[in-house]
Amino acid sequence: MPNAMNLNNAALRTLLIPGPNYDRGQVGVGIAHIGTGHFHRAHQAMYIDRLLQRGLANEWGICGVGVLPTDWPMRDVLRDQDGLYTLIAENPDGSRDPRVIGSIIDYRYAPDDPEAALEVLAAPTTRIISMTITEGGYRDPDGPAFALITEALATRRDRKIAAPTIVSCDNIEANGEVARRAVLAHAERRDPALGEWVAEHVRFPSSMVDRITPATTLDVAEAVRREIGVNDRWPVVAEQFSAWVLEDDFADGRPPLEEAGVLMVDDVRPYELMKLRLLNAGHQCLCYFAHLCGFELVHDAARDPLIAEFLLAYFEFEAIPTLPSVPGVDLHDYSRTLLERFANPGVRDTVSRLCAYSSDRIPKWLLPVIQDNLASGGSVRLAAATVASWARYAEGTDEWGKPFEVVDQLADSLVPIARSQKENPTAFIEITAVFGDLAQQPRFVQAYRWALDSLHRKGARATLEELLR
């Protein structure tokens, strides 16, 4: 389509796809969101857009907040597009449902203008501060997100502005409590009295978020231009499925999220454990074996009968036995549904995305399954083999000797250690910062060493076949 229009407010009148039916100029900021990346725009911003479409959230528009120097491309795109972007939901049958989302009505970039970012977080109208800062964002005690939040809370206290609710939307067990500890640590370090104010007034509900959202490629932007007639510099692709379970514990009101399909509960933990130990850990069970087998796309790997059988065995025999019952959910059905979601060809998620930043992911998603099964006498063979597949992957060469980049915050130390494991087979799991005392657990070590040796001698497919006999 040669005459594609630039996506902005002016283009809304002539869109060929669904878009905001509300007056965006009448929407106020009620939510400040730190980390306005792919997932937030496919998930939380979509839910708020649903409410705005129904006239239920005019005071709950979103102001994105960028805290990292690398957030400048998002700053520029959202500024030039008036906060608008195209969200494309990919259906398993190959059809797609695109729409333009309008719930992000402002954006502040803290590296350029920290005061502007601080003011939106401290504004009386901003009653929710939410964040997707990835799993690694909680590890840095001096991280910019928590430093900025702490300054905003101090400003609110000093100005006698009501405390906000802080909502973590990251894939971390008890993410509300993790966020609470991080904010409290910053606040107490700044001023013990501020720590007391935060502990008394700020709320930190935990949440479970679920929607497979791969990184946007240039091909996606080109498809939007060609098929929809819109120049969108940063559209988002996601699977059709989406879920959000959120504890109903707010300091100063909230939007009617249940009207948009959010499940509001007293205790999110059963849903959270289900998602982390099945979907997230399942992605890790798939990705390293898939990479070693030569797969580039997740749906191709998930359609391989051997990998699919391995995933289902992990779900049934190791993950589900560690989970409490989940109200309204059959865990076995959920597991089978995950395989269908992983195999969705429209999403075109990459194996390399799932392999990245493993040192942030494996400890939070897979190791708790191993630890629970070690304590209960349950099976750890398949999870141990997954850890071994990560160790083999971390050597940075595939089964044909071709080198590749290992993307991880700890890559500088992980890769040399992984390359030493033919001489010392437990070198990788002796990294206590990642694995704790797992190298001292004989049952795990035996299963791990068998799998690693098999991966080195026979390769990934033969190892999977042996595991499943």
Side-chain angles (χ1 to χ4, degrees), residues 5-36 40-66 74-87 97-109 113 115-132 152 156 159 161-162 164-167 169 228 230-236 242 244 246 250-262 264:
M5 70 188 86
N6 293 329
L7 183 58
N8 52 37
N9 281 333
L12 292 178
R13 295 189 298 273
T14 54
L15 278 180
L16 301 177
I17 60 172
N21 64 357
Y22 47 90
D23 182 353
R24 299 180 74 230
Q26 298 301 310
V27 177
V29 171
I31 302 168
H33 185 85
I34 299 173
T36 316
H40 170 70
R41 295 188 298 141
H43 195 266
Q44 297 95 31
M46 178 272 293
Y47 282 99
I48 297 300
D49 183 76
R50 280 184 184 174
L51 292 179
L52 288 166
Q53 299 281 354
R54 299 176 61 183
L56 297 175
N58 271 14
E59 59 187 311
W60 294 105
I62 298 168
C63 177
V65 179
M74 187 64 69
R75 171 201 66 190
D76 291 354
V77 168
L78 291 179
R79 177 195 62 207
D80 295 347
Q81 296 185 179
D82 297 325
L84 297 167
Y85 61 94
T86 312
L87 173 61
D97 298 317
R99 73 172 302 115
V100 170
I101 302 295
S103 54
I104 299 175
I105 58 172
D106 194 4
Y107 189 85
R108 307 291 171 90
Y109 181 61
D113 192 346
E115 285 302 315
L118 180 64
E119 283 303 316
V120 76
L121 293 175
T125 49
T126 301
R127 294 188 275 164
I128 295 173
I129 298 172
S130 56
M131 54 188 170
T132 42
R156 296 176 83 109
R159 295 177 183 173
I161 295 170
T165 301
I166 296 177
V167 181
C169 297
I228 301 172
V230 168
N231 285 322
D232 183 343
R233 287 161 50 200
W234 210 329
V236 184
S242 182
W244 190 3
L246 180 57
F250 287 75
D252 189 23
R254 63 168 176 84
L257 291 164
E258 61 275 15
E259 298 292 335
V262 181
M264 306 301 298

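Numbering starts at 1 and runs along the sequence shown. This structure is a prediction, so every number in the text was calculated from the model and none was measured.
A donor-acceptor pair under 3.5 Å is absent between the side-chain atoms of R75 and the main chain of G66, judged by distance alone. N8 places no side-chain N or O within donor-acceptor distance of the main-chain N or O of D82, the cut-off being under 3.5 Å. In this structure a side-chain-to-backbone donor-acceptor pair under 3.5 Å is missing from R79 to Y107. T165 places no side-chain N or O within 3.5 Å of a backbone atom of I128 that could act as its donor or acceptor partner. Between the side chain of S103 and the main chain of A45, a donor-acceptor pair closer than 3.5 Å is present. Checking side-chain atoms of Y85 against main-chain N and O of R41 turns up a donor-acceptor pair under 3.5 Å. Without hydrogens or angle criteria, R54 side chain to E259 main chain gives a donor-acceptor distance under 3.5 Å.
With sequence neighbours excluded, the residues forming a salt bridge (Lys or Arg N to Asp or Glu O under 4.0 Å) with D49 are R99, listed by chain and number.
The closest side-chain heavy-atom distance from T86 to Q81 is not below 4.5 Å. Side chains of P20 and L84 form a contact here, defined as non-hydrogen atoms less than 4.5 Å apart. A 4.5 Å side-chain heavy-atom check between P255 and L56 finds every atom pair outside the cut-off. In this structure, the side chains of M74 and Y109 stay at 4.5 Å or more apart for every pair of heavy atoms. Taking the side chain as every heavy atom from C-beta outward, P164 and R156 approach each other to under 4.5 Å.
Between the side chains of N58 and Q26, no donor N or O sits under 3.5 Å from an acceptor N or O.
In terms of heavy-atom proximity, A32 sits nearest to L121 at CB-CD2, 3.5 Å. Closest approach of Y47 and V262 over heavy atoms only: CD2-CG2, 3.6 Å. Closest heavy-atom contact between L7 and A11: CA-CB, 4.4 Å.
Under the side chain to side chain contact (heavy atoms under 4.5 Å, CB included) test applied with I104, the options V29, I62, I48 reduce to a single match, I62. In summary, of the residues considered (V65, I31, I34), a side chain to side chain contact (heavy atoms under 4.5 Å, CB included) with S130 occurs for I31 alone. Paired with T132 under the rule side-chain hydrogen bond (donor to acceptor under 3.5 Å, both in side chains), one option of H33, Q44, H40 passes, and it is H33.
Distance check: R127 CZ to I161 CD1 gives 13.0 Å after rounding to the nearest 0.5 Å. Atom CG of L51 is separated from atom CE of M46 by 10.5 Å, given to the nearest 0.5 angstrom. T36 contributes atom OG1, which lies 13.0 Å from atom CE of M131 (distance to the nearest 0.5 angstrom).
For residues 8-28, no pair satisfies ring-ring contact (aromatic ring centres under 6.0 Å, His included), with sequence neighbours left out.
Under the 4.0 Å criterion applied to side-chain N and carboxylate O atoms, R108 and E119 are not assigned as salt-bridge partners.
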